[in-house]
Amino acid sequence: MTLLVTGGAGFIGGNFVLDWLAQPGAEPVLNLDKLTYAGNLETLASVSQDARHIFVQGDIADAELLARLLAEHRPRAVLNFAAESHVDRSILGPEDFIQTNVLGTFRLLEAVRAYWGGLEPAAKEAFRFLHVSTDEVYGSLAAGDAAFTETHRYEPNSPYSASKAASDHLVRAYHHTYGLPVLTTNCSNNYGPFHFPEKLIPLMIVNALAGKPLPVYGDGMQIRDWLYVKDHCSAIRRVLEAGRLGEVYNVGGWNEKANIEIVHTLCDLLDELQPRADGQSYRGQITHVTDRPGHDRRYAIDARKLHEELGWRPAETFESGIRKTVRWYLDNPGWVSRVQSGAYRDWVQTQYGSDA
Ligand code: NAD
Ligand code: TYD
């Protein structure tokens, strides 16, 4: 039995693969990742010699490759993490988002539908397609609005969230029309180890340590609901194991914070754990910059369904998770500097030669 994980060299997919393989008796993982700028095999260095981790560099939009991999490895589940994921990049250039998040998900669904249709009855019954999505598909909340439930109307506002919304709709349609056994998770903002330093939390840590400005968009009062990445991974494992077919599960940690509050917390932790040489606070590096166009004001996830139906709850509080995250960045300067220099992109060649 194998799991096919797409996008498993990215932030969440990478953490998922590591956590999955750390479980006793875990099934092997076939990891299909295109290795865009966001894919980093160095994240998976600790399993690079593990026979249970099979890495293939490839695109979820490549129908022939998908058909071959499914026929060869016969996975019992497909978990789709692969996506273009950065809102700011989607504003600068939306096309890659449509290509991977919409067309790629469609091609993956088509390949999986053909494979699933040919399975023996027992394998067909047990098979799952789990689609990893985001709370951003629900749009923006005003202060005082109730948090997003699974039945909240879709109102995506950025090219990123619109492309994810389209992918969610395709997944839903493949269940409704073809009976494909799908599960969808819509999660709030993640943070934790191996997070590419273009997103708020790792960017602020890395810039602070480098003595660079900490660019807060607009007034910094936009609210996000933060979840430690390993809690997201445990939620996905739980939904895969026990989720009801065709259902959507919102995943979140009840941790709404304004961006400026996050940046202050990071500065204070760094002041404690690695004080600046001049004795000043890292808060002095904060600068307010032009706001993101169409910036969503507030996200908040109501994760009661996942808790009440499947018994999932996060293991970390925001305070414990953010401390672990800052510690991780302090302890892993090599990972960070190779991301910044671009040297991480040589990892495939170094580690896998021409086989990858
Ligand atoms: P990421 O950008 O860190 O990683 C994405 C991975 O997908 C990379 O390894 C990249 O190389 C790969 N990829 C991109 N295009 C591909 C393609 N066409 N074929 C194969 N692989 C491809 O993203 P992430 O933060 O790990 O997000 C993973 C998933 O979780 C995404 O679907 C995202 O929408 C969703 N999500 C993210 C967050 C968050 O806070 N980061 C929150 C909720 C949901
Ligand atoms: P980000 O990590 O890009 O996640 P998302 O846009 O998917 O929520 O941004 C989180 C919040 O932080 C968002 O409100 C934008 C803001 N932000 C900044 O203020 N400065 C920055 O440099 C970045 C990258 C984000």
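Quick caveat, the model's predicted, so the values are computed rather than measured.
- More than 12 heavy atoms of other shown residues, nucleotides or ligands fall within 6.0 angstrom of atom CD in Q23.
- W328 pairs by the ring pair (Phe, Tyr, Trp, His ring centres under 6.0 Å) definition with F194, W335, not counting sequence neighbours.
- Closest approach of L18 to S46, counting heavy atoms only: CD2-OG, 3.5 Å.
- Across all their heavy atoms, Y249 and K305 have their closest contact at CE2-CE, 3.8 Å.
- Pairs of residues two or more places apart, or lying in two chains, that qualify as side-chain hydrogen bond (donor to acceptor under 3.5 Å, both in side chains) and include a residue from residues 281-290 are D268-R283, D271-S281, R276-Q285.
- Residues L79 and V248 do not share a hydrophobic cluster, defined by chaining ILVMFWY side chains whose heavy atoms lie under 4.5 Å apart.
- Using a 4.5 Å heavy-atom threshold, the side chains of N40 and F196 count as separate.
- The side-chain hydrogen bond (donor to acceptor under 3.5 Å, both in side chains) check on T325 picks up nothing, with sequence neighbours excluded.
- M204 places a side-chain heavy atom less than 4.5 Å from the side chain of P215.
- Side chain of N250 to backbone of A303: no donor-acceptor contact under 3.5 angstrom is found.
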Exercise for review: For the pair H131 and S167, evaluate side-chain hydrogen bond (donor to acceptor under 3.5 Å, both in side chains) and give the outcome as yes or no after the intermediate values.
Suggested key: CA-CA 9 Å; H131 180 60; S167 69; 3.0 Å; yes
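- No salt bridge links E27 with R52; every basic N to acidic carboxylate O contact stays at or beyond 4.0 Å.
- With sequence neighbours excluded, the residues that form a ring pair (Phe, Tyr, Trp, His ring centres under 6.0 Å) with H169 are Y154.
- Salt bridge K199/D88: absent, no basic N to carboxylate O contact under 4.0 Å.
- Of all heavy-atom pairs spanning V229 and P193, the tightest one is CG1-CD, 3.9 Å.
- Put simply, the side chain of N15 gets close to the backbone of F11: a donor and an acceptor are under 3.5 Å apart.
- Side-chain contact check for Q274 versus L209: some heavy-atom pair is nearer than 4.5 Å.
- Heavy atoms only, all atoms of each residue included: L227 and C187 are closest at CD2-SG, 3.6 Å.
- Side-chain N or O atoms of D135 include none that pairs as donor or acceptor with a backbone N or O of I301 at under 3.5 Å.
- Looking at Y174 and R113, their side chains come closer than 4.5 Å, going by heavy atoms from C-beta outward.
- Within the structure, salt bridge (Lys or Arg N to Asp or Glu O under 4.0 Å) contacts touching residues 14-23 (residues at least two apart or in different chains) are D19-K230.
- For the pair H307 (side chain) and W312 (backbone), a donor-acceptor distance under 3.5 Å is present.
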Check your understanding: Run the side chain to side chain contact (heavy atoms under 4.5 Å, CB included) check on L4 and L32 step by step: do they pass?
Key -> CA-CA 7 Å; L4 169 54; L32 172 65; 4.0 Å; yes
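- The two residues P197 and P202 make their nearest non-hydrogen contact at CA-CB, 3.8 Å.
- Applying the side-chain hydrogen bond (donor to acceptor under 3.5 Å, both in side chains) criterion to E308, with sequence neighbours excluded, gives no partner residue.
- The existence of a salt bridge linking D331 and R327 is confirmed by a sub-4.0 Å separation between a basic side-chain nitrogen and an acidic carboxylate oxygen.
- In this structure, R297 places its CZ atom where more than 12 heavy-atom neighbours from other residues, nucleotides or ligands lie under 6.0 Å away.
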Exercise for review: Let me see the working for E256 and R224 under salt bridge (charged side-chain N to carboxylate O under 4.0 Å, His left out), right down to the final yes or no.
Suggested key: CA-CA 6 Å; E256 283 185 61; R224 298 292 182 265; over 6 Å; no
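- Under a hydrophobic clustering in which Ile, Leu, Val, Met, Phe, Trp and Tyr are joined whenever their side-chain heavy atoms come within less than 4.5 Å, directly or via other members, L119 and L245 fall into different clusters.
- The pair E42-R338 meets the salt-bridge criterion, with a side-chain N (NZ, NE, NH1 or NH2) lying under 4.0 Å from an Asp/Glu carboxylate O.
- D33 places no side-chain N or O within 3.5 Å of a backbone atom of V56 that could act as its donor or acceptor partner.
- The side-chain hydrogen bond (donor to acceptor under 3.5 Å, both in side chains) test applied to Y37 returns R89, E198, not counting sequence neighbours.
- Inter-residue side-chain proximity for H232 and I12 is flagged as met; some heavy-atom pair is nearer than 4.5 Å.
- Residues passing the ring pair (Phe, Tyr, Trp, His ring centres under 6.0 Å) test with F81 are F16, sequence neighbours excluded.
- Residue pairs meeting the ring pair (Phe, Tyr, Trp, His ring centres under 6.0 Å) criterion with at least one partner in residues 86-112, sequence neighbours excluded, are absent.
- Counted by atom type alone, T184 and D168 present zero donor-acceptor pairs between their side chains at under 3.5 Å.
- No salt bridge links R323 with E316; every basic N to acidic carboxylate O contact stays at or beyond 4.0 Å.
- Paired with K34 under the rule salt bridge (Lys or Arg N to Asp or Glu O under 4.0 Å), one option of D62, D59, D96 passes, and it is D59.
- For the pair V251 and P314, the minimum side-chain heavy-atom distance is 4.5 Å or more.
- Looking only at side-chain heavy atoms (C-beta outward), H175 and F129 stay at 4.5 Å or farther from each other.
- Checked by atom type, the side-chain pair S48/H53 shows no donor-acceptor distance below 3.5 Å.
- In summary, the aromatic rings of Y299 and Y138 are positioned with their centroids too far apart to meet the 6.0 Å limit.
- In this structure, D225 has no side-chain hydrogen bond (donor to acceptor under 3.5 Å, both in side chains) partners at least two apart in sequence or on a different chain.
- Side-chain atoms of D346 do not come within 3.5 Å of backbone N or O of Y344 as any donor-acceptor pair.
- Using modelled atom types, no side-chain atom of N31 and backbone atom of I54 make a donor-acceptor pair closer than 3.5 Å.
- Hydrophobic clustering keeps V87 apart from I201 (ILVMFWY residues linked when any side-chain heavy atoms are closer than 4.5 Å, directly or through intermediates).
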Check your understanding: So D302 and T149, side-chain hydrogen bond (donor to acceptor under 3.5 Å, both in side chains) or not? Walk me through it.
Key -> CA-CA 5 Å; D302 182 336; T149 64; over 6 Å; no
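- With hydrogens and angles ignored, the 3.5 Å screen pairs no side-chain donor or acceptor of S161 with any backbone N or O of V137.
- Figure legend: K124 and W116 shown as a cation-pi pair, the cationic atom lying under 6.0 angstrom from the six-membered ring centre and within 45 degrees of its axis.
- No more than 12 heavy-atom neighbours from other residues, nucleotides or ligands sit within 6.0 angstrom of CZ on R304.
- For the pair E241 and R238, the salt-bridge criterion is met [side-chain N within less than 4.0 Å of a carboxylate O].
- Within a 6.0 Å sphere centred on CZ of R292, heavy atoms belonging to other residues, nucleotides or ligands number more than 12.
- Of all heavy-atom pairs spanning V336 and V206, the tightest one is CG1-CG2, 3.7 Å.
- Proximity of L30 to L3: side-chain heavy atoms (C-beta onward) are nowhere separated by under 4.5 Å.
- For Y228, the ring pair (Phe, Tyr, Trp, His ring centres under 6.0 Å) test picks out Y191, with sequence neighbours left out.
- Partners of N157 under the side-chain contact (heavy atoms from CB on, under 4.5 Å) rule, at least two apart in sequence or in another chain, are S140, D296.
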